[in-house]
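Please read the structure below before turning to the comments.
In what follows, chains are A, B, ... by sequence order, proteins preceding strands, each numbered from 1. What you are looking at is a predicted structure, and each value in this text was computed from that prediction instead of being measured.
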Amino acid sequence: MRASIQSLCAYCGAESGVARYCCRGCESLDGSVKSLDQESSQYSYLDLENIKSTYRLTSGVFHYRLHVAGLHCASCVHLIERLPEFDSQIKEARVDFATSSLAIRTEPDFSLAHLIDLLNSWGYGAHFLNVDESSFEKAKHENKLLLKKLAVTGACAGNIMLFVVPIYAGLDGSWKTLFNWVSFFLFLPVVLYSGTPFYRGAWNSLRYRVINVDLPITVALLSSFFLSTVNLVRDEGAVYFDSTAGFIFLILCARYYLKRSQQKFLTDKPLENIMIHDQFRVIERSGEKILSVKEIKIGDILRLRQGQTAPVDGVLQSAGLIDLAVMNGEPLPRRFESGMKILAGSKILSGHLDILVTAPYDSTYLSALLQELRTHRFTKSNFISMTDKAAQWLILTVTSLAGLYFAFNFQSDFQEAFDRALALVVLACPCALAFGAPLTLNLALRKAHELGILIKEGAALEKLWSIQNVFFDKTGTLTSLSLKLVRTQPQNLSAETRSLIVSLETKSYHPIAFAIRDHWPNEEKLVIENLFETPGVGVGGAYNNAHYELLQNYDNSATSEISVALNKDGQKICSLFFESPLDPKAKDIVEQLCKWKLDCHLVSGDHRAKAQAVGERCGIASQRVYGGLTPQGKRDLVMASSHSCMIGDGSNDALALQAATVGIAVKGSTYVNLQAADVYFTREGLQPLLDLFGLARQTKKVLIRNLSFALIYNLIGGTLALMGHVDPWLAAVLMPASSALIITSTLWGFR
Amino acid sequence: MNIMMLMIPMALLLGFGFVAAFLWAVDKGQFEDTETPAYRILENEPFERKER
């Protein structure tokens, strides 16, 4: 049925839903590009020299880098790369589709605001990136290095194989020796150049006494080189240059692809912390000055506009409404009086507010929180992936088997015992671990990406297998951040009353006002005289010689509803009740998780009664619902249970997200959470949670199947090696065959 | 059989000529962005800017 309402884009032919074009890029290219009206732009602050310099790149050909949201098809690329035709200050524009970024080369007096306005008028969201160019360059350099090693190994392995074919075909005598020596020289770049990442990994593994997969690879590579060279010099016995080089080539391929897909995710992450790159007005005796966050000092008077987030701690100079949702997850803003202290991260909801700065950004709670998250990022996990566990097991078994065999047999025939023991080490190929695992994780990450799930590292998928407790945040996760009008009392209101309510709330930014406007979008607007809003109390005004007020009730905080009363000259006419709507899927998802034998918990900073009511509607048992928690309280709860998974959105969940075995940030999460979480959703709602658990199960299945194949292969290969039946010919067939099996099994698992 | 003594170095030289060319291309950054050029090449008609 879906096809019937789908039409194709008139310009590029991509699916465009019901619209004529699939995106603004196509519309612009097909028709006329709208010219930009030259009114003063809201982004004009970007052109201030101190703001501009924070974005300018210091090295490389390009001067600025932007993130462009809404890149959709080839037309978008064309249109944006034609920027120089629209803005003469731009000399060159280069789109990177994979990371949705744009690099530009500009004239010195280029206007940043003009570019953002231009891109916005075409329908793209854009912001300048404050890219740490050194880390960007470093990642690029690492990619290049790995690709070079890959190329050298591939060429050497291919040539070695060509030279050993005649030997397998029966070539003998001095030509055989010559060809083997050519193979030896071709193998040297593999050992000396391409193997270095494995040596480094193996060295770290020994130094920190944690066995990782690099160790068996290094052992196999070096022992094969050693054994083959010894056999070559004494001109008898097996030479394994071909199979080992091929094996290293496959491992490097898998690692390169895993790296590419992980980096793609890294640049997808919103690099922008809005607050850090916002501009702030500081009032001085001589007038206003625009400063960036780091330039604000103690004692400055900061003027914050509506909707802006306070970057510093400070004392209010006037009363106003402050939204603390980011900090404690409460949906309703609170009224703050002049002289009260507000913390960095609070959002201003009413008009302009002046604050006297008492602590610069670097010494605020928010900054400390970010700092804490940053320092714990690397100490968080003492998690050993299944691959590394298997690597431990493999290396212990193989080396002890080889050692035992050698110890028992060296007296009868030293040479033969040495040969066979080493052949076992070479042949016990860790291929399922060395490239089966990266390939599997790579495919899983890609699939997750398609499902709207971004996973920071593959290990998070493995950790999901062990999860027993799932902790949900309430506000913004199970329920939406905005309010909804659920009922009125009396049930039916006259058209006039409705018009009156909507008219009273026309100018308010309070969440209740948004809920009312959403509920009654088409009411007639009445002219209210003396309309005023008292932050935290309500709105009022005069109509038809009567005084009307819409006041919030505070005495019913024990229920899950928020109520507002309409008074006429002090007499109550009606009441309106609001609620944060529950995610429509929440109940099904909790049910499904329970079916999978996972315990669901609800942790909220909100009142216990409200948390309880939401828990009941989702089907979470009341003894597992916790209300009134501080961020630290949430963290302690999550830490107290092992194998926990936390799902949240606000900064008040950040500590818990980090403490949890797996932290998940839902769509719309704050920047702090994106740093703390292991996984984050780019799709609305909670459905991705089920997809994520499903994907983790699928990944487990594939990994275990690969390991079983490897086990069978190693049992057969190892026995043959110890019995002395393995010659280079068999190794050359067995190793690629097992690799091909692993690759096929992995691809099949994610078909 | 002595022709082999010429053929082997020639074959290796040829092979590693291509490796060198690939390494050069990597250094030039030809593999940094493998996605966008595929879109770039789809451009088929000259783009005419409408008069304002």
Side-chain angles (χ1 to χ4, degrees), chain A residues 12-13 25 28-29 31-36 61 71-82 85-86 94-103 139-141 143-156 158-159 162-163 166 174-175 178-179 181-182 185-186 189 256 260 264, chain B:
Chain A
C12 74
S28 303
L29 284 170
S32 61
V33 174
K34 258 198 279 173
S35 68
L36 198 63
V61 190
L71 285 184
H72 179 274
C73 61
S75 304
C76 301
V77 175
H78 298 161
L79 182 68
I80 292 178
E81 293 205 336
R82 287 180 183 283
E85 294 173 25
F86 295 91
R94 211 73 184 151
V95 172
D96 186 336
F97 201 81
T99 60
S100 288
S101 71
L102 165 70
K140 230 159 70 174
H141 180 73
N143 277 350
K144 279 184 182 177
L145 206 65
L146 195 54
L147 196 57
K148 281 184 187 171
K149 287 186 199 289
L150 187 61
V152 170
T153 319
C156 289
N159 278 300
L162 286 181
F163 281 104
S174 59
W175 282 111
L178 175 71
F179 278 19
W181 274 107
V182 173
F185 283 107
L186 284 169
Y256 180 71
R260 283 303 282 245
K264 191 169 167 177
Chain B
M1 279 293 258
N2 276 344
I3 191 69
M4 290 291 279
M5 303 312 282
L6 188 63
M7 268 181 68
I8 292 172
M10 291 281 277
L12 290 178
L13 210 64
L14 199 65
F16 282 91
F18 282 106
V19 174
F22 183 79
L23 294 187
W24 172 82
V26 172
D27 262 336
K28 280 289 204 177
Q30 293 202 12
F31 299 93
E32 272 169 29
D33 180 5
T34 48
E35 205 167 327
T36 323
Y39 291 100
R40 225 169 253 147
I41 202 168
L42 286 172
E43 189 172 19
N44 48 8
E45 50 197 302
F47 177 79
E48 277 172 38
R49 195 174 160 198
K50 294 268 166 146
E51 293 304 316
R52 289 190 179 181

On a heavy-atom basis, the closest approach of B:Glu32 and A:Lys144 is OE2-CE, 3.4 Å
What one should report as the nearest heavy-atom pair of A:Trp175 and B:Met5 is CH2-SD, 4.1 Å
With sequence neighbours left out, the residues meeting side-chain contact (heavy atoms from CB on, under 4.5 Å) with B:Leu13 are none
Calculate, to the nearest 0.5 Å, the distance between atoms [atom1] and [atom2] belonging to [X] and [Y] respectively.
{"X": "B:Leu12", "Y": "B:Met7", "atom1": "CG", "atom2": "CE", "answer": "11.0 Å"}
{"X": "A:Tyr256", "Y": "A:Leu145", "atom1": "OH", "atom2": "CG", "answer": "11.5 Å"}
{"X": "A:Phe179", "Y": "A:Leu186", "atom1": "CZ", "atom2": "CG", "answer": "11.5 Å"}
{"X": "B:Met10", "Y": "B:Ile8", "atom1": "CE", "atom2": "CD1", "answer": "12.5 Å"}

Listed by number, the residues in residues 21-30 of chain B that come under 4.5 Å of chain A (heavy atom to heavy atom) are B:Phe22, B:Leu23, B:Val26, B:Asp27, B:Gly29
Whatever's closer than 4.5 Å to a heavy atom in chain B on A:Leu162 counts as neither
If one checks every heavy atom of A:Val95 against chain B at 4.5 Å, the contacting part turns out to be both
Honestly, the part of B:Phe16 sitting under 4.5 Å from a heavy atom of chain A is side chain
